[in-house]
Each structure stands twice: as C-alpha cells, then as structure tokens.
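These values consider heavy atoms only, across backbone and side chains, with no hydrogens, waters or symmetry-generated copies. Quick note on labels: first sequence line is chain A, next is B, and so on, each numbered from 1.
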Amino acid sequence: MQATKIQRDHSLQSDEALMQQYAQGDFAAFEQLYQRHKGGLYRYFLRQLADKTLAEDLFQEIWSKVISHATQYQTTAKFSTWLYTLARHKLVDHVRHLKVVAKVIEETEQDNEHHTMSADTGQHNTPENLWEGSKAAEALKGCIEYLPRVQRECFLLKEEAGLSLDVIAQIVDANYEACKSRLRKAYESLRQCISRKIGGKLND
Amino acid sequence: MTKEFENLHPEQSTISKLYQSLKVEEPSAKMDENILTKAKFQLESQVHKSSKITPINTRRSWRKWQWPVSVAASALFVSLIFVGQYEFFTNNYAVYPDAEQVGIEAFEMTKPAPSVHDKPSALSLDAEHEDVKVQAIAMAQRLAKEQTQTGQDAASSRLQQREQEQGQQFAIEQHDAQRTRMKMTSALKDQNYIVSAKIAQLQHELNTKSELLASVNKQQVKLFTDTLAELTEVKTSLAKVEKHELEEQITLLQIELLEQMHKKLKIQQDWQASKVLLDLLSPAQQAQWPSQNKQEHKE
C-alpha cells in the first residue's frame, strides 16, 4: 500500500524533483524518470541515425552520463532540456567524428531540399510495409528519413520530447524564428511526401 | 500540444497524430535492465563512499584541535624553561642569594685596570670580553663551591670538577671566537673607512676638474669673441687703406691723362678743347693754358 503511494507520488512529481531525489539516493525516482523519457530519447536517436545499434549505444551513453552527473545536477533548467541538449551534443560529436558520414548526410540534405520527396523509399516503401498497418503512418516513417537534418531534428524534439519552440531553439542553438520556419517546412515536406506515397490527399 | 504549434501548418495535427501512432520503438528490455542496474550501482557506490568518508570526518574533527593543543604545549614548554632559568633571565638575587654573592665576587675579580679603560674602543671591548670570561670562570667556581658545600662524595666532586673544567674551556673558546669576530669587524670597519675616504677624495677631484673644465670653456668662448671682433676691425681698416690707394691711383691716372691731352693740344693749336675737358683741369693747369688759344676760342 505504502509502495503504491510512493509510486503514485513519483508519477506526480516533476522531472527535476525526481532527479534530485535520485541524487539523494531514491532509486525509484530514477526508475520513474527513465520510464518517462526512455522512449522519446531512444526514438530521437533512432530517427536521426537510422541505425538501431548506434542509436542504442548513444542512448546508453546518455543515460550513463545522466547517472554519473546526477549529484551535480542543478535545477536551473528543465530536465528534458538538459537531457536533449546532452543527446544533441552527443549526436553532433558522433557526426563530426564520422566526417565521411557527415558529408554524405549533407549531400542528401541538399538533394532533398531541391528535389521533391518522390524518391523511392527503399525498404520502408515496399508494398508489403505500406500495406501493413497504416499506410500513411508507414509513409511518414519513410518520409522523416528524407527530411533535412535540421528540420528532422526540430520535428523530433517537438513530437518526441513535446518541447516548446523556444526550448527547441535553445537546444538546437538557433533563433526562434529559424526554428519555427524549420518546423513549418518539415510539416509541409512531410505532407507532400505522404500524399505522393499514398497517392492521394492526406486525411485525419 | 502547445498552442504555439497550432498555427505552424494546417496539416500539423494530422501529421502529429500519424507520428504518435508510430511510437512503437522502445529500447530493449536488456538495455533497460543495464541502465537501471547501473543507476542502482551508482547509488550503492555513493552510499559506500559516504560511509568511508565518516572516519575521515572524525579524523578531521580531531585535527581541528591540533593547532590549539600544539600552541598550548609550546607555551607550557617555554614557561617551564623560563621558570627553570629564572636566574639567567632576571638576575634576581633576592630569590637566589648565592647568585648575588658570586656576582659580587666576579665583579671584584674582574675590575679592569685603569690603563685598559684609557685605550681605544677595540681594547675596551676586549676588556669587556675578558670580564665575561672571568665571570664564566667565577660562575663555574661558584658551582663547584656549592657542590662542595653540599658534602657530596669525592667521586662526584671529581666529576663535577671535570665538568667545571669543561665549562671553563667552553667559556674560553666562546671568548676567543667573540674576540676573533670583533677583530674581523674592526678590520672591516677600517677597510670601510679607507674606501669611504677614497671615494670622498675622488669625488672632490671630480668636482675640481669639472670646475676647471667650465672655466676653460668660458675662456675659449671669450677668446673666440675677441678674435672675431679684431678680425672685423682689421678687415674694415684694410678696406679703407685699399680705397685710399685706389683713389690715389685714379688721381694719378687722371693727371697723366690730362698731361697727355695738354701735350696733344699744344701740337694741334687749332683744336678747341671742350668745356667739359677744361673743367677737369686744376686751376694751375687751366692757368697754363695759352691765352692765345683762349682768345681764338672766344672769337
């Protein structure tokens, strides 16, 4: 009964409070925190890298960092902001490390900005995948990969972490208007891409 | 969804809904377990560290008293030494009457001869050191006397006598060392005096030479000015002499010219001299001019 009460208390608490409790020795607080953010962070890496193994490695590294820095954590910013800032830095470091990969990504982005998203989506665009489950959802999954990196980054931070526009701007180190523009373009590109893939207008 | 995103794109809500339906990927259970285990291990290690810290804290709290205790112990030690050597620090003969007696004896024994006081300061210092030496010997003798008075056995008195001798030897060595030091100091002082005198002499010479140099400079300037004035005068007088000589030469030339003209006029009787030329002649010359020629000229 008491354990349930504590669990319920944890679910009501903010991320920052949970982090502080974990720093003071409350393991349950960390469990709660991890449950809240594990999916979003994992998918953030997965969608950005399109490589499950690499996404898992980076995901694990970020949580290790959170664990080791728990005692130094100060509630000057929101936990989610801190977490996704760490994640972005890790991602940028990784991309910088693999210069060849970065070059390829940039070229892909340029191509994507000039061309429409009518390209073949490869494995994700196979008829089998398209007919499994929601056709549009599958199309969206493929389309996200073809978004320019900066747009994809903003889109994922918004959809996965549910962050506000100014927080996203802070994380991606851009100004508010630029971030807004990126998101608008991302939605438009995704709409066009999905419409082409499913061969009709996008409906709810 | 926050309100600020609603105006971004008309299809935004549709795309968001579609994306939410895609949220199926999750990290594997193994990974969850790894991370949670790591978090748990971190907590345990923190607890372990904090438990290890406790004895350090205890030790630190003990160390808080380290300095006060050290200071108190030092103060106590110094006080003990002071009390033990009270006689040495204060010469309080009331407390130690024996010390007074010995002091007087020593004073009597070391009364300096009048001739020593009449000597220069270095010698008086020597005399003072001599006093110290004698006092040390007297102190040693006093100690020996005291020990003899206490009626100790012969062996211990011999031992004490040896100690006394050692004390005397030490006092003599100290005295010699001090004397040597004083001699060195006086030698250095002498050297210092000589060097200072030399410096003063050089300074004086330098000043004299600089004054001499200044006066020579002044004389040179004066001489130059005088010479210049004389030269100017000479130049002026030379110019006057030359001018005079030239005037004389001109006059002579004029006379010669007129004489020649006169001769020529005598030869050419019909020639009529112009008035301009006649004006050039002196009155005597004009008088010599033939009257006939004048009359003809008038006619």
Side-chain angles (χ1 to χ4, degrees), chain A residues 22-27 30-31 33-35 38-43 45-47 52 55-56 59-60 62-64 66-68 70-71 133-134 136-141 143-144 155-156 158-160 162-166 180-181 183-188 190-192 194-195 201-204, chain B residues 1-70:
Chain A
Y22 170 63
Q24 287 162 8
D26 186 357
F27 177 67
F30 181 79
E31 274 185 314
L33 198 65
Y34 180 72
Q35 290 301 328
K38 67 171 187 176
L41 189 67
Y42 177 73
R43 285 188 294 274
F45 281 125
L46 193 67
R47 302 264 187 267
K52 197 179 174 185
E56 282 181 351
F59 175 78
Q60 201 161 355
I62 290 298
W63 280 109
S64 298
V66 170
I67 290 164
S68 60
T71 47
S134 170
E138 283 299 322
L140 174 63
K141 205 172 172 180
C143 290
I144 288 168
F155 176 79
L156 289 173
K158 187 251 156 188
E159 292 295 339
E160 287 294 351
L163 298 171
S164 63
L165 204 53
D166 52 348
K180 195 173 178 180
S181 168
L183 266 175
R184 194 177 287 140
K185 280 179 187 172
Y187 281 115
E188 178 56 29
L190 288 172
R191 186 193 66 77
Q192 286 179 7
I194 294 164
S195 300
K201 200 180 174 184
L202 184 64
N203 295 318
D204 289 347
Chain B
M1 185 180 295
T2 53
K3 209 171 184 179
E4 61 180 325
F5 290 118
E6 284 175 5
N7 296 328
L8 281 174
H9 196 270
E11 301 285 349
Q12 183 184 343
S13 60
T14 315
I15 293 167
S16 286
K17 277 178 190 171
L18 265 177
Y19 186 79
Q20 297 304 321
S21 69
L22 277 175
K23 281 186 175 178
V24 286
E25 295 100 335
E26 290 279 335
S28 61
K30 195 181 172 184
M31 181 159 289
D32 292 349
E33 199 182 329
N34 280 344
I35 289 164
L36 291 173
T37 311
K38 198 167 185 176
K40 206 168 193 174
F41 179 75
Q42 178 78 9
L43 275 187
E44 281 169 6
S45 66
Q46 270 179 13
V47 171
H48 189 61
K49 272 182 193 171
S50 63
S51 66
K52 270 187 177 176
I53 284 164
T54 315
I56 295 165
N57 286 338
T58 314
R59 200 161 54 200
R60 279 180 185 165
S61 66
W62 180 84
R63 278 181 181 172
K64 271 199 301 187
W65 295 99
Q66 188 179 5
W67 282 107
V69 167
S70 303

For A/Ser64, is it the side chain, the backbone, both or neither that has a heavy atom under 4.5 Å from a heavy atom of chain B? both

Bottom line for A/Ile62: the part with an atom under 4.5 Å from chain B's heavy atoms is neither

Is A/Phe155 in contact with chain B via its backbone, its side chain, both, or neither, using a 4.5 Å heavy-atom distance? side chain

Segment of B/Asn34 engaging chain A (4.5 angstrom heavy-atom cut-off): side chain

Could you tell me if A/Glu56 and A/Gln60 have a donor-acceptor pair between their side chains, going purely by distance under 3.5 Å? no

When you measure from the side chain of A/Tyr34 to the backbone of B/Ile35, do you find a donor-acceptor pair of N or O atoms at a distance under 3.5 Å? no

A/Glu188/A/Lys185 salt bridge by N-O under 4.0 Å criterion: no

If I measure from the heavy atoms of chain B, does A/Ile144 come under 4.5 Å with its side chain, its backbone, both, or neither? side chain

For A/Arg43, is there an ion pair with A/Glu159 - N to carboxylate O distance below 4.0 angstrom? no

Step-by-step side-chain hydrogen bond (donor to acceptor under 3.5 Å, both in side chains) determination, A/Tyr187 to A/Lys158: CA-CA 12 Å; A/Tyr187 281 115; A/Lys158 187 251 156 188; 2.9 Å; yes

Let me know if A/Ala55 has heavy atoms under 4.5 Å from chain B in its side chain, its backbone, both or neither. neither

